[in-house]
Protein chains: 2
Amino acid sequence: MTIRVLVVDDQTVVRAGFVAIVDAEPDLTVVGQAGDGATAVALAADLAPDIVLMDIRMPGLDGLAATRLLTEKADLPKVLVLTTFDLDEYVYEALRAGASGFLLKDAQPQDLLNAIRIIATGEAVLAPTITRRLIQTFTQPQTPTPAPSPLLNSLTPRERQVLTLIAAGHSNAEIATTLGVTVGTTKSHVNALLTKLNARDRVQATITAYNLGLAHPRN
Amino acid sequence: MTIRVLVVDDQTVVRAGFVAIVDAEPDLTVVGQAGDGATAVALAADLAPDIVLMDIRMPGLDGLAATRLLTEKADLPKVLVLTTFDLDEYVYEALRAGASGFLLKDAQPQDLLNAIRIIATGEAVLAPTITRRLIQTFTQPQTPTPAPSPLLNSLTPRERQVLTLIAAGHSNAEIATTLGVTVGTTKSHVNALLTKLNARDRVQATITAYNLGLAHPRN
DNA sequence: GGCCGCCTCTATCGCTGGGTAGAGAAGCCG
DNA sequence: CGGCTTCTCTACCCAGCGATAGAGGCGGCC
(Lines give C-alpha, C1' and ligand atoms only; values in the text may rest on other atoms or scores of the structure.)
Protein backbone atom coordinates (compact mmCIF):
# COMPACT_ATOMS: atom_id res chain seq x y z
CA MET A 1 0.00 0.00 0.00
CA THR A 2 1.84 3.07 -1.20
CA ILE A 3 1.17 6.51 0.21
CA ARG A 4 0.04 8.99 -2.45
CA VAL A 5 1.53 12.47 -2.09
CA LEU A 6 0.57 15.82 -3.65
CA VAL A 7 3.31 18.47 -3.62
CA VAL A 8 2.23 22.11 -3.42
CA ASP A 9 4.75 24.96 -3.65
CA ASP A 10 4.99 27.98 -5.89
CA GLN A 11 8.71 27.55 -6.51
CA THR A 12 9.49 24.95 -9.12
CA VAL A 13 12.90 24.20 -7.67
CA VAL A 14 11.48 23.48 -4.24
CA ARG A 15 8.83 21.24 -5.73
CA ALA A 16 11.46 19.33 -7.65
CA GLY A 17 13.42 18.82 -4.45
CA PHE A 18 10.47 17.41 -2.58
CA VAL A 19 9.48 15.20 -5.47
CA ALA A 20 12.99 13.77 -5.68
CA ILE A 21 13.09 13.01 -1.98
CA VAL A 22 9.62 11.48 -1.83
CA ASP A 23 9.73 9.50 -5.04
CA ALA A 24 12.97 7.85 -4.06
CA GLU A 25 11.08 5.93 -1.38
CA PRO A 26 9.47 2.65 -2.42
CA ASP A 27 6.40 3.13 -0.23
CA LEU A 28 5.74 6.73 -1.30
CA THR A 29 4.72 8.15 -4.63
CA VAL A 30 4.11 11.69 -5.86
CA VAL A 31 0.79 11.75 -7.71
CA GLY A 32 0.75 15.42 -8.61
CA GLN A 33 2.11 18.92 -8.15
CA ALA A 34 0.55 22.36 -7.81
CA GLY A 35 1.99 25.89 -7.78
CA ASP A 36 -0.86 27.62 -5.96
CA GLY A 37 -3.70 26.90 -3.58
CA ALA A 38 -6.55 26.85 -6.07
CA THR A 39 -4.79 24.32 -8.31
CA ALA A 40 -3.96 22.26 -5.22
CA VAL A 41 -7.58 22.03 -4.14
CA ALA A 42 -8.73 21.14 -7.64
CA LEU A 43 -6.02 18.52 -8.07
CA ALA A 44 -6.70 17.00 -4.68
CA ALA A 45 -10.31 16.42 -5.67
CA ASP A 46 -9.19 14.54 -8.77
CA LEU A 47 -6.20 12.65 -7.44
CA ALA A 48 -7.37 11.81 -3.91
CA PRO A 49 -3.89 11.88 -2.42
CA ASP A 50 -3.25 10.61 1.12
CA ILE A 51 -0.91 13.44 1.97
CA VAL A 52 -0.51 17.03 0.78
CA LEU A 53 2.83 18.73 1.29
CA MET A 54 1.73 22.34 1.55
CA ASP A 55 3.73 25.54 1.35
CA ILE A 56 2.18 28.59 3.00
CA ARG A 57 3.40 31.56 1.01
CA MET A 58 1.88 31.22 -2.44
CA PRO A 59 0.22 33.58 -4.92
CA GLY A 60 -3.56 33.59 -5.01
CA LEU A 61 -5.05 31.14 -2.53
CA ASP A 62 -2.33 30.66 0.08
CA GLY A 63 -1.45 27.44 1.88
CA LEU A 64 -3.52 28.12 4.98
CA ALA A 65 -6.68 28.85 3.02
CA ALA A 66 -6.08 25.82 0.83
CA THR A 67 -5.60 23.68 3.92
CA ARG A 68 -8.91 24.86 5.28
CA LEU A 69 -10.66 23.87 2.09
CA LEU A 70 -8.94 20.51 1.94
CA THR A 71 -9.67 19.47 5.50
CA GLU A 72 -13.24 20.69 5.65
CA LYS A 73 -14.71 17.37 4.66
CA ALA A 74 -13.84 14.23 6.55
CA ASP A 75 -11.56 11.48 5.25
CA LEU A 76 -9.79 13.89 2.96
CA PRO A 77 -6.04 14.22 2.60
CA LYS A 78 -3.89 14.92 5.61
CA VAL A 79 -1.97 18.14 5.19
CA LEU A 80 1.68 18.55 6.16
CA VAL A 81 2.60 22.22 6.13
CA LEU A 82 6.17 23.05 5.15
CA THR A 83 7.46 26.54 5.43
CA THR A 84 10.66 28.50 5.74
CA PHE A 85 9.36 30.57 8.61
CA ASP A 86 8.11 29.20 11.89
CA LEU A 87 6.18 32.30 12.85
CA ASP A 88 3.71 31.55 15.59
CA GLU A 89 0.79 32.94 13.65
CA TYR A 90 1.49 30.57 10.81
CA VAL A 91 1.73 27.58 13.08
CA TYR A 92 -1.42 28.15 15.06
CA GLU A 93 -3.43 29.13 12.03
CA ALA A 94 -2.23 26.08 10.20
CA LEU A 95 -3.20 23.78 13.06
CA ARG A 96 -6.60 25.40 13.33
CA ALA A 97 -6.96 25.09 9.59
CA GLY A 98 -6.69 21.35 10.08
CA ALA A 99 -3.08 20.61 9.28
CA SER A 100 -1.74 17.37 10.72
CA GLY A 101 1.84 18.48 10.75
CA PHE A 102 4.15 21.46 10.55
CA LEU A 103 7.79 21.21 9.54
CA LEU A 104 10.42 23.70 8.51
CA LYS A 105 11.87 23.41 5.04
CA ASP A 106 15.35 22.95 6.43
CA ALA A 107 14.31 19.66 8.02
CA GLN A 108 16.35 16.58 7.24
CA PRO A 109 14.92 14.54 4.35
CA GLN A 110 14.68 11.59 6.73
CA ASP A 111 12.55 13.61 9.13
CA LEU A 112 10.29 14.70 6.31
CA LEU A 113 9.78 11.12 5.18
CA ASN A 114 9.11 9.98 8.74
CA ALA A 115 6.59 12.74 9.15
CA ILE A 116 4.76 11.73 5.99
CA ARG A 117 4.48 8.15 7.14
CA ILE A 118 3.31 9.11 10.62
CA ILE A 119 0.72 11.55 9.34
CA ALA A 120 -0.59 8.94 6.94
CA THR A 121 -1.52 6.84 9.99
CA GLY A 122 -3.63 9.69 11.33
CA GLU A 123 -1.19 10.95 13.91
CA ALA A 124 0.53 14.32 13.99
CA VAL A 125 4.06 15.68 13.77
CA LEU A 126 5.54 19.06 14.63
CA ALA A 127 9.01 20.49 14.29
CA PRO A 128 10.76 20.34 17.69
CA THR A 129 10.93 24.15 17.94
CA ILE A 130 7.22 24.30 17.46
CA THR A 131 6.51 21.45 19.80
CA ARG A 132 8.35 23.34 22.51
CA ARG A 133 6.34 26.50 21.95
CA LEU A 134 3.06 24.63 21.76
CA ILE A 135 3.80 22.96 25.08
CA GLN A 136 4.68 26.35 26.50
CA THR A 137 1.45 28.00 25.49
CA PHE A 138 -0.33 24.89 26.66
CA THR A 139 1.16 24.81 30.12
CA GLN A 140 1.34 28.57 30.52
CA PRO A 141 -2.36 29.22 31.05
CA GLN A 142 -2.51 26.19 33.27
CA THR A 143 0.25 27.39 35.53
CA PRO A 144 -0.10 31.10 36.03
CA THR A 145 -0.15 30.46 39.74
CA PRO A 146 -0.75 26.89 40.76
CA ALA A 147 -2.39 28.67 43.66
CA PRO A 148 -1.27 26.65 46.65
CA SER A 149 -4.33 27.80 48.50
CA PRO A 150 -3.85 28.19 52.23
CA LEU A 151 -7.20 26.48 52.59
CA LEU A 152 -5.90 23.32 50.99
CA ASN A 153 -2.88 23.28 53.23
CA SER A 154 -5.00 23.59 56.32
CA LEU A 155 -6.58 20.25 55.47
CA THR A 156 -5.02 17.02 56.65
CA PRO A 157 -4.26 14.45 53.93
CA ARG A 158 -7.21 12.40 55.03
CA GLU A 159 -9.50 15.39 54.84
CA ARG A 160 -8.32 16.22 51.32
CA GLN A 161 -9.05 12.63 50.39
CA VAL A 162 -12.53 12.82 51.86
CA LEU A 163 -13.17 16.13 50.14
CA THR A 164 -12.21 14.65 46.81
CA LEU A 165 -14.59 11.76 47.34
CA ILE A 166 -17.39 14.09 48.38
CA ALA A 167 -16.80 16.19 45.27
CA ALA A 168 -17.02 13.00 43.25
CA GLY A 169 -20.54 12.53 44.51
CA HIS A 170 -19.99 9.75 47.04
CA SER A 171 -22.09 9.23 50.16
CA ASN A 172 -20.59 8.87 53.62
CA ALA A 173 -21.16 5.14 53.51
CA GLU A 174 -19.34 4.82 50.20
CA ILE A 175 -16.47 6.94 51.43
CA ALA A 176 -16.25 4.78 54.52
CA THR A 177 -15.93 1.56 52.54
CA THR A 178 -13.44 2.98 50.06
CA LEU A 179 -11.31 4.25 52.93
CA GLY A 180 -11.85 1.10 54.95
CA VAL A 181 -13.16 2.91 58.04
CA THR A 182 -16.53 3.19 59.74
CA VAL A 183 -19.24 5.62 58.75
CA GLY A 184 -18.75 7.34 62.07
CA THR A 185 -15.14 8.08 61.28
CA THR A 186 -16.10 9.40 57.90
CA LYS A 187 -18.59 11.69 59.55
CA SER A 188 -15.87 12.97 61.83
CA HIS A 189 -13.72 13.86 58.84
CA VAL A 190 -16.64 15.41 57.02
CA ASN A 191 -17.44 17.54 60.03
CA ALA A 192 -13.89 18.76 60.41
CA LEU A 193 -13.85 19.43 56.70
CA LEU A 194 -17.03 21.48 56.62
CA THR A 195 -15.85 23.55 59.55
CA LYS A 196 -12.48 24.29 57.97
CA LEU A 197 -14.00 25.10 54.60
CA ASN A 198 -16.72 27.17 56.23
CA ALA A 199 -19.23 25.14 54.26
CA ARG A 200 -22.72 24.35 55.47
CA ASP A 201 -23.11 21.07 53.66
CA ARG A 202 -21.36 18.79 51.20
CA VAL A 203 -22.65 20.71 48.22
CA GLN A 204 -20.87 23.85 49.34
CA ALA A 205 -17.82 21.73 50.07
CA THR A 206 -18.02 20.37 46.54
CA ILE A 207 -18.14 23.87 45.12
CA THR A 208 -15.08 24.78 47.13
CA ALA A 209 -13.34 21.67 45.85
CA TYR A 210 -13.95 22.81 42.29
CA ASN A 211 -12.71 26.29 43.09
CA LEU A 212 -9.60 24.91 44.71
CA GLY A 213 -8.91 22.79 41.67
CA LEU A 214 -9.37 19.55 43.56
CA ALA A 215 -12.07 18.61 41.08
CA HIS A 216 -12.52 19.50 37.42
CA PRO A 217 -15.47 19.63 35.09
CA ARG A 218 -14.88 16.92 32.51
CA ASN A 219 -15.53 18.14 29.01
CA MET B 1 30.75 17.49 23.28
CA THR B 2 28.99 14.34 24.38
CA ILE B 3 25.50 14.36 25.82
CA ARG B 4 25.35 12.93 29.33
CA VAL B 5 22.31 10.76 30.05
CA LEU B 6 20.79 9.49 33.29
CA VAL B 7 18.50 6.46 32.93
CA VAL B 8 15.64 6.12 35.44
CA ASP B 9 13.36 3.07 35.48
CA ASP B 10 12.42 0.62 38.19
CA GLN B 11 12.87 -2.40 35.95
CA THR B 12 16.46 -3.46 35.54
CA VAL B 13 15.83 -5.05 32.16
CA VAL B 14 14.32 -1.88 30.77
CA ARG B 15 17.23 0.17 32.08
CA ALA B 16 19.68 -2.21 30.48
CA GLY B 17 17.88 -1.82 27.18
CA PHE B 18 18.03 1.95 27.27
CA VAL B 19 21.65 1.93 28.34
CA ALA B 20 22.58 -0.37 25.47
CA ILE B 21 20.83 1.79 22.93
CA VAL B 22 22.22 5.06 24.24
CA ASP B 23 25.78 3.95 24.94
CA ALA B 24 26.15 2.55 21.43
CA GLU B 25 26.10 6.12 20.11
CA PRO B 26 29.42 7.94 19.99
CA ASP B 27 27.94 11.30 20.94
CA LEU B 28 25.88 9.97 23.88
CA THR B 29 26.98 8.47 27.17
CA VAL B 30 25.07 7.03 30.12
CA VAL B 31 26.49 8.56 33.29
CA GLY B 32 24.21 6.81 35.75
CA GLN B 33 21.07 4.79 36.48
CA ALA B 34 18.35 4.95 39.10
CA GLY B 35 15.48 2.63 40.03
CA ASP B 36 13.25 5.16 41.75
CA GLY B 37 12.54 8.87 41.81
CA ALA B 38 14.39 9.73 44.99
CA THR B 39 17.60 8.11 43.80
CA ALA B 40 17.20 9.84 40.47
CA VAL B 41 16.98 13.27 42.05
CA ALA B 42 19.99 12.59 44.27
CA LEU B 43 22.05 11.20 41.39
CA ALA B 44 21.14 14.09 39.14
CA ALA B 45 22.53 16.50 41.69
CA ASP B 46 25.85 14.64 41.71
CA LEU B 47 26.22 13.73 38.07
CA ALA B 48 24.74 16.82 36.40
CA PRO B 49 23.43 14.94 33.36
CA ASP B 50 22.16 16.80 30.31
CA ILE B 51 19.21 14.47 29.82
CA VAL B 52 17.18 12.28 32.14
CA LEU B 53 15.23 9.38 30.64
CA MET B 54 12.38 9.09 33.10
CA ASP B 55 9.86 6.31 33.65
CA ILE B 56 6.59 7.30 35.32
CA ARG B 57 5.45 4.26 37.24
CA MET B 58 8.01 3.69 39.94
CA PRO B 59 7.93 2.79 43.63
CA GLY B 60 8.27 5.67 46.08
CA LEU B 61 8.72 8.98 44.34
CA ASP B 62 7.22 8.47 40.91
CA GLY B 63 8.49 9.90 37.64
CA LEU B 64 6.17 12.89 37.59
CA ALA B 65 7.12 13.99 41.07
CA ALA B 66 10.80 13.45 40.32
CA THR B 67 10.46 15.51 37.15
CA ARG B 68 8.94 18.33 39.14
CA LEU B 69 11.87 18.31 41.51
CA LEU B 70 14.42 18.10 38.71
CA THR B 71 13.03 20.94 36.64
CA GLU B 72 12.30 23.28 39.51
CA LYS B 73 15.62 25.03 39.28
CA ALA B 74 16.73 26.53 36.00
CA ASP B 75 19.49 25.11 33.79
CA LEU B 76 19.02 21.67 35.20
CA PRO B 77 18.68 18.48 33.16
CA LYS B 78 16.04 18.20 30.47
CA VAL B 79 13.65 15.36 31.18
CA LEU B 80 12.40 12.94 28.54
CA VAL B 81 9.50 10.94 29.92
CA LEU B 82 9.16 7.39 28.65
CA THR B 83 6.17 5.31 29.54
CA THR B 84 4.19 2.33 28.37
CA PHE B 85 0.88 4.13 28.68
CA ASP B 86 -0.03 7.33 26.91
CA LEU B 87 -2.87 8.21 29.26
CA ASP B 88 -3.81 11.83 28.88
CA GLU B 89 -3.38 12.55 32.56
CA TYR B 90 0.20 11.33 32.44
CA VAL B 91 1.02 13.43 29.42
CA TYR B 92 -0.41 16.68 30.64
CA GLU B 93 0.93 16.23 34.12
CA ALA B 94 4.35 15.43 32.75
CA LEU B 95 4.38 18.52 30.56
CA ARG B 96 3.24 20.68 33.43
CA ALA B 97 5.88 19.06 35.58
CA GLY B 98 8.44 20.45 33.16
CA ALA B 99 9.24 17.51 30.91
CA SER B 100 10.73 18.41 27.53
CA GLY B 101 9.53 15.28 25.84
CA PHE B 102 7.15 12.38 26.06
CA LEU B 103 7.66 9.12 24.17
CA LEU B 104 6.17 5.67 24.45
CA LYS B 105 8.47 2.81 25.30
CA ASP B 106 7.64 1.04 22.08
CA ALA B 107 9.28 3.87 20.10
CA GLN B 108 11.98 2.99 17.60
CA PRO B 109 15.51 3.27 19.04
CA GLN B 110 16.30 5.74 16.28
CA ASP B 111 13.40 7.94 17.36
CA LEU B 112 14.53 7.79 20.94
CA LEU B 113 18.06 8.84 20.00
CA ASN B 114 16.76 11.64 17.82
CA ALA B 115 14.57 12.83 20.66
CA ILE B 116 17.50 12.90 23.05
CA ARG B 117 19.58 15.00 20.67
CA ILE B 118 16.73 17.40 19.98
CA ILE B 119 15.88 17.86 23.62
CA ALA B 120 19.52 18.50 24.43
CA THR B 121 19.31 21.57 22.19
CA GLY B 122 16.45 22.92 24.28
CA GLU B 123 13.63 21.96 21.94
CA ALA B 124 10.83 19.50 22.61
CA VAL B 125 9.60 16.19 21.23
CA LEU B 126 6.33 14.32 21.61
CA ALA B 127 5.13 10.97 20.36
CA PRO B 128 2.96 11.46 17.27
CA THR B 129 -0.16 10.13 19.02
CA ILE B 130 0.33 12.69 21.72
CA THR B 131 1.12 15.49 19.31
CA ARG B 132 -2.20 14.85 17.65
CA ARG B 133 -4.12 14.99 20.90
CA LEU B 134 -2.26 18.07 22.07
CA ILE B 135 -3.16 19.84 18.85
CA GLN B 136 -6.72 18.71 19.32
CA THR B 137 -7.07 20.09 22.80
CA PHE B 138 -5.29 23.19 21.59
CA THR B 139 -7.61 23.87 18.70
CA GLN B 140 -10.69 22.59 20.49
CA PRO B 141 -11.29 25.67 22.66
CA GLN B 142 -11.15 27.71 19.48
CA THR B 143 -14.19 25.93 18.08
CA PRO B 144 -17.20 28.06 18.92
CA THR B 145 -19.36 24.96 19.32
CA PRO B 146 -20.72 25.27 22.85
CA ALA B 147 -22.10 21.75 22.49
CA PRO B 148 -25.75 22.06 23.42
CA SER B 149 -26.16 19.09 25.66
CA PRO B 150 -29.36 17.07 25.18
CA LEU B 151 -29.54 16.76 28.95
CA LEU B 152 -29.90 20.49 29.38
CA ASN B 153 -32.68 20.64 26.85
CA SER B 154 -34.64 17.94 28.63
CA LEU B 155 -34.90 20.21 31.65
CA THR B 156 -37.73 22.69 32.00
CA PRO B 157 -36.70 26.33 32.58
CA ARG B 158 -37.71 26.07 36.19
CA GLU B 159 -35.63 22.96 36.66
CA ARG B 160 -32.58 24.61 35.13
CA GLN B 161 -33.10 27.47 37.54
CA VAL B 162 -33.34 25.12 40.49
CA LEU B 163 -30.28 23.23 39.34
CA THR B 164 -28.30 26.44 39.15
CA LEU B 165 -29.32 27.34 42.68
CA ILE B 166 -28.46 23.87 43.94
CA ALA B 167 -25.06 24.11 42.29
CA ALA B 168 -24.60 27.45 44.02
CA GLY B 169 -24.93 25.67 47.35
CA HIS B 170 -28.43 26.70 48.34
CA SER B 171 -30.77 24.60 50.49
CA ASN B 172 -34.31 23.77 49.48
CA ALA B 173 -35.65 26.40 51.87
CA GLU B 174 -33.42 29.09 50.37
CA ILE B 175 -34.37 28.09 46.87
CA ALA B 176 -38.02 28.24 47.86
CA THR B 177 -37.77 31.81 49.15
CA THR B 178 -35.66 32.90 46.19
CA LEU B 179 -38.25 31.56 43.79
CA GLY B 180 -41.16 32.66 45.94
CA VAL B 181 -42.67 29.19 46.25
CA THR B 182 -43.08 26.67 49.05
CA VAL B 183 -40.43 24.22 50.13
CA GLY B 184 -42.71 21.44 48.92
CA THR B 185 -42.70 22.83 45.41
CA THR B 186 -38.97 23.13 45.48
CA LYS B 187 -38.75 19.51 46.49
CA SER B 188 -40.93 18.55 43.55
CA HIS B 189 -38.57 20.31 41.18
CA VAL B 190 -35.54 18.82 42.85
CA ASN B 191 -37.01 15.37 42.54
CA ALA B 192 -37.80 15.75 38.86
CA LEU B 193 -34.32 17.15 38.40
CA LEU B 194 -32.52 14.30 40.10
CA THR B 195 -34.48 11.76 38.11
CA LYS B 196 -33.73 13.44 34.79
CA LEU B 197 -30.06 13.91 35.60
CA ASN B 198 -29.82 10.38 36.94
CA ALA B 199 -28.31 11.81 40.08
CA ARG B 200 -28.72 10.32 43.52
CA ASP B 201 -28.46 13.54 45.47
CA ARG B 202 -27.79 17.22 45.03
CA VAL B 203 -24.05 16.75 45.12
CA GLN B 204 -24.16 14.57 42.02
CA ALA B 205 -26.54 17.10 40.48
CA THR B 206 -24.03 19.81 41.26
CA ILE B 207 -21.28 17.85 39.56
CA THR B 208 -23.46 17.45 36.49
CA ALA B 209 -24.17 21.17 36.54
CA TYR B 210 -20.43 21.85 36.39
CA ASN B 211 -19.99 19.38 33.59
CA LEU B 212 -22.86 20.89 31.64
CA GLY B 213 -21.32 24.32 32.03
CA LEU B 214 -24.19 25.61 34.16
CA ALA B 215 -21.69 26.42 36.88
CA HIS B 216 -18.03 27.38 36.72
CA PRO B 217 -15.15 27.21 39.14
CA ARG B 218 -14.28 30.82 39.86
CA ASN B 219 -10.56 31.40 39.72
C1' DG C 1 8.78 11.90 79.23
C1' DG C 2 4.94 14.99 77.88
C1' DC C 3 2.38 17.53 74.51
C1' DC C 4 0.04 17.79 70.28
C1' DG C 5 -1.94 16.65 65.85
C1' DC C 6 -4.11 13.15 63.28
C1' DC C 7 -6.88 9.20 62.73
C1' DT C 8 -10.01 6.29 64.62
C1' DC C 9 -14.37 5.07 66.86
C1' DT C 10 -18.86 5.55 69.65
C1' DA C 11 -23.35 7.51 70.63
C1' DT C 12 -27.13 10.51 70.41
C1' DC C 13 -30.16 14.00 68.26
C1' DG C 14 -32.64 17.03 65.11
C1' DC C 15 -33.27 18.38 60.68
C1' DT C 16 -32.81 18.34 55.82
C1' DG C 17 -33.20 15.87 51.91
C1' DG C 18 -35.19 12.60 48.87
C1' DG C 19 -39.09 9.09 47.54
C1' DT C 20 -43.86 8.53 46.63
C1' DA C 21 -48.39 9.70 45.45
C1' DG C 22 -51.28 12.47 44.65
C1' DA C 23 -54.14 16.96 42.66
C1' DG C 24 -55.33 21.65 40.90
C1' DA C 25 -54.28 25.67 37.75
C1' DA C 26 -52.39 27.76 33.71
C1' DG C 27 -50.68 27.72 29.15
C1' DC C 28 -49.70 25.65 24.47
C1' DC C 29 -50.99 23.20 20.40
C1' DG C 30 -53.31 20.31 17.11
C1' DC D 1 -62.32 21.68 22.63
C1' DG D 2 -59.17 18.00 24.61
C1' DG D 3 -54.78 16.59 25.60
C1' DC D 4 -50.25 17.83 26.94
C1' DT D 5 -46.67 19.95 29.68
C1' DT D 6 -45.32 22.75 33.31
C1' DC D 7 -45.68 24.78 37.65
C1' DT D 8 -47.71 24.66 41.86
C1' DC D 9 -48.97 22.56 46.29
C1' DT D 10 -49.99 18.88 50.00
C1' DA D 11 -48.89 15.03 53.17
C1' DC D 12 -46.25 11.32 54.92
C1' DC D 13 -42.09 8.63 55.74
C1' DC D 14 -37.47 7.43 56.64
C1' DA D 15 -32.69 7.40 55.46
C1' DG D 16 -28.87 10.08 55.44
C1' DC D 17 -26.57 14.03 56.94
C1' DG D 18 -24.57 17.30 60.07
C1' DA D 19 -23.77 18.77 65.01
C1' DT D 20 -22.02 17.65 69.36
C1' DA D 21 -19.32 15.49 72.81
C1' DG D 22 -16.80 12.51 73.90
C1' DA D 23 -12.39 8.78 74.07
C1' DG D 24 -8.35 5.90 72.76
C1' DG D 25 -4.11 4.93 69.89
C1' DC D 26 -0.27 6.45 67.37
C1' DG D 27 3.42 9.17 65.77
C1' DG D 28 6.27 13.33 65.76
C1' DC D 29 8.39 17.08 68.28
C1' DC D 30 10.31 19.58 72.11
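In this text, all values refer to a predicted model and were calculated from it rather than measured experimentally. Order of the sequence lines fixes the chain letters, A, B, ..., with proteins taken first and strands second; residue numbering starts at 1 for each chain.
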Let me know the distance between [atom1] of [X] and [atom2] of [N], rounded to the nearest Å.
{"X": "B/R202", "N": "C/dG19", "atom1": "CZ", "atom2": "P", "value": "11 Å"}
{"X": "A/N198", "N": "D/dG18", "atom1": "CG", "atom2": "P", "value": "15 Å"}
{"X": "A/K196", "N": "D/dA19", "atom1": "NZ", "atom2": "P", "value": "15 Å"}
{"X": "A/L193", "N": "C/dC7", "atom1": "CG", "atom2": "C1'", "value": "14 Å"}
{"X": "A/Q161", "N": "C/dT8", "atom1": "CD", "atom2": "P", "value": "9 Å"}
{"X": "B/L163", "N": "D/dT6", "atom1": "CG", "atom2": "C1'", "value": "17 Å"}
{"X": "B/L197", "N": "C/dG17", "atom1": "CG", "atom2": "P", "value": "17 Å"}
{"X": "B/L194", "N": "C/dT16", "atom1": "CG", "atom2": "P", "value": "18 Å"}

It should be established whether A/R200 places a side-chain nitrogen or oxygen under 4.0 Å from OP1 or OP2 of nucleotide D/dG18. no
Presence of B/T185 side-chain N/O under 4.0 Å of D/dC9 phosphate oxygens OP1/OP2: yes
Please compare A/E159 and B/A199 by the position of their nearest nucleotide in DNA chain C and report the one closer to 5'. A/E159
Spacing of [atom1] belonging to [X] relative to [atom2] belonging to [Y], to within rounding of 0.5 Å:
{"X": "A/R158", "Y": "A/T185", "atom1": "CZ", "atom2": "OG1", "value": "9.0 Å"}
{"X": "A/L43", "Y": "A/L70", "atom1": "CG", "atom2": "CG", "value": "10.5 Å"}
{"X": "A/T67", "Y": "A/D62", "atom1": "OG1", "atom2": "CG", "value": "8.0 Å"}
{"X": "B/L134", "Y": "B/I130", "atom1": "CG", "atom2": "CD1", "value": "9.0 Å"}
{"X": "A/T164", "Y": "A/H170", "atom1": "OG1", "atom2": "NE2", "value": "10.0 Å"}

Is the shortest heavy-atom distance from the side chain of A/N172 to the side chain of A/R202 under 4.5 Å? yes
Per-nucleotide protein contact string for nucleotides 20-28 of chain D, where B marks a base within reach and S marks sugar-phosphate only (heavy atoms under 4.0 Å, - for neither): B--------
For every nucleotide of nucleotides 23-30 of chain C, 5' to 3': is a protein heavy atom under 4.0 Å from its base (B), only from its sugar-phosphate (S), or from neither (-)? --------
Choose from C/dC7, C/dC9, D/dC7 the nucleotide whose nearest atom is closest to any side-chain atom of A/R158. C/dC7
Among D/dT8, C/dC6, C/dG17, which is the nearest nucleotide to the side chain of A/T156? C/dC6
Among residues 166-184 of chain B, which contact DNA chain C at a heavy-atom distance under 4.0 Å? B/S171, B/N172
Main-chain N/O of A/G169 paired to B/R200 side chain as donor or acceptor, under 3.5 Å: yes
Here's a test for you: under side-chain contact (heavy atoms from CB on, under 4.5 Å), which of A/L64, A/V79, A/T83, A/L80 qualifies with A/M54? A/V79
If we check side-chain contact (heavy atoms from CB on, under 4.5 Å) with A/L53, which of these qualifies: A/I116, A/V8, A/L6? A/I116
Tell me whether B/R117 is salt-bridged to B/D27, with the criterion being a basic N under 4.0 Å from an acidic carboxylate O. yes
Under 4.0 Å between a Lys/Arg side-chain N and an Asp/Glu carboxylate O for B/R68 and B/E93? yes
More than 12 heavy atoms of other groups within 6.0 Å of A/N198 CG: no
